Amino acid sequence: MVKKRTCIFISGYGSNLKYLINNSRNQNFPIKISLVVCNNKNAKGILHAKKNSIPCLIINTNKRNFENKILNELKRYKISLICLAGYMKIISKKFINTYGKTIINIHPSLLPKFKGLNTFKRILKNKEKKTGCTVHFVNEKLDAGTNIIQKSFFINKNDNEKILKNKTQNLEYKAFSEAIIKIFRYN
Ligand code: GAR
C-alpha cells in the first residue's frame, strides 16, 4: 500500500497527533505523517514530532504571508492530506483553494451543534443529554464541512468540563483514525 503523505496541524498538547503517529506505524493504516505544522512555539505537541523524527514547521501566524510559507512546505513534502488536530487558527478560503486537496478537522462536539470555541462550557450550560466529537471535511465556513464520522456518549449528572473533555478526547483518538480509514477505503 502506498501511504498518503499527510501533514498534521496542531497548536497545543498534540494528544491527537500522538495517537495518529502511533496508528500510522501500522502498515495497513493509509497515511504516513510526513510533516507537522504548529503555530505555537511553546506547544507540547512539538515534542511528539521531535521524538518521532517528523519534520515540524513552527509558524508565526502574526506574520504576513504565513500561509504561503505553509503552502510551500506542503508542496516540498508532497502532502496530499491535511489533518487539523487542535489547530486553533481559522484557515483562509485562499489557503483552502490554493492547496486544493483534502483537509479534515476534528471538533469536540456533535456538529452542527456547538461550533467554535468553549464547547464544553456551552454544552453543560445548555443541559445537553449527549455529546461527542466530529471529524469533518473542511470548507470555507467554520466547522461546517460534510461530516465523516461522529462518536457520542451520554452526559452524566456529575460531569464537569474537565470530565467532558476527557471523555470526548478518548473518543477523538478512535474517531480520527477511523475517519482516515473511511476516506481512503476505496482509493
Ligand atoms: C481536541 O480536543 C480538538 O477536538 C480540539 O482541540 C483539542 C486538541 O487537543 N479542537 C478544537 O476545539 C477545534 N475547534 P490535542 O492538542 O491534545 O490533540
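It should be emphasised that the depicted structure is a prediction, and the values quoted were computed from it without experimental measurement. Indexing begins at 1, ligand by ligand and atom by atom, following the structure's order.
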Note: heavy atom closest to atom 15 (P) of ligand 1, options S15, G86, G12, C38, belongs to S15

Check: Can you find a non-hydrogen atom of G45 under 4.0 Å from ligand 1?
Finding: no

- prompt: Any ion pair linking E128 and R122 (charged N to carboxylate O, less than 4.0 Å)?
  reply: no

Should we say atom NZ of K18 is surrounded by more than 12 heavy atoms from elsewhere, each under 6.0 Å from it? no

Correct closest heavy-atom pair for I10 and I46 would be CD1-N, 3.9 Å

Among non-hydrogen protein atoms, atom 4 (O) of ligand 1 lies closest to E172 OE2, 2.5 Å

query: Can a non-hydrogen atom of I106 be found less than 4.0 Å from any atom of ligand 1?
result: yes

### Query
Does any N/O atom on D143 come nearer than 3.5 Å to any N/O atom on ligand 1?
no

The protein heavy atom nearest to atom 5 (C) of ligand 1 is P108 CD, 3.9 Å

Across all chains, not counting sequence neighbours, the ring-ring contact (aromatic ring centres under 6.0 Å, His included) partners of Y87 are F9

Look only at interatomic distance and state if N105 has a nitrogen or oxygen under 3.5 Å from any nitrogen or oxygen of ligand 1. no

Is the closest N or O pair between N16 and ligand 1 shorter than 3.5 Å?
yes

All heavy atoms of T168 vs all of L164, minimum pair found to be OG1-O, 2.6 Å

In short, L35 meets I79 closest at the heavy-atom pair CB-CD1, 4.1 Å

TODO: Indicate whether any N or O donor in one side chain lies under 3.5 Å from an N or O acceptor in the other, for S11 and N40.
DONE: no

So for K165 against ligand 1, with non-hydrogen atoms under 4.0 Å, the contacting part is neither

Here the atoms of ligand 1 under 4.0 Å from any heavy atom belonging to Y13 are 16 (O), 17 (O)

When distances are taken from atom 16 (O) of ligand 1, the protein heavy atom at minimum range is G14 N, 2.7 Å

the protein heavy atom lying closest to atom 9 (O) of ligand 1 turns out to be Q169 NE2, 3.2 Å

Is it true that the side chains of N23 and S177 contain a donor and an acceptor less than 3.5 Å apart? yes

for atom 14 (N) of ligand 1, nearest protein heavy atom and its distance come out as H107 ND1, 3.2 Å

- Message: If you count every heavy atom of other residues, nucleotides or ligands that lies below 6.0 Å from I90 atom CD1, does the total exceed 12?
- Response: no

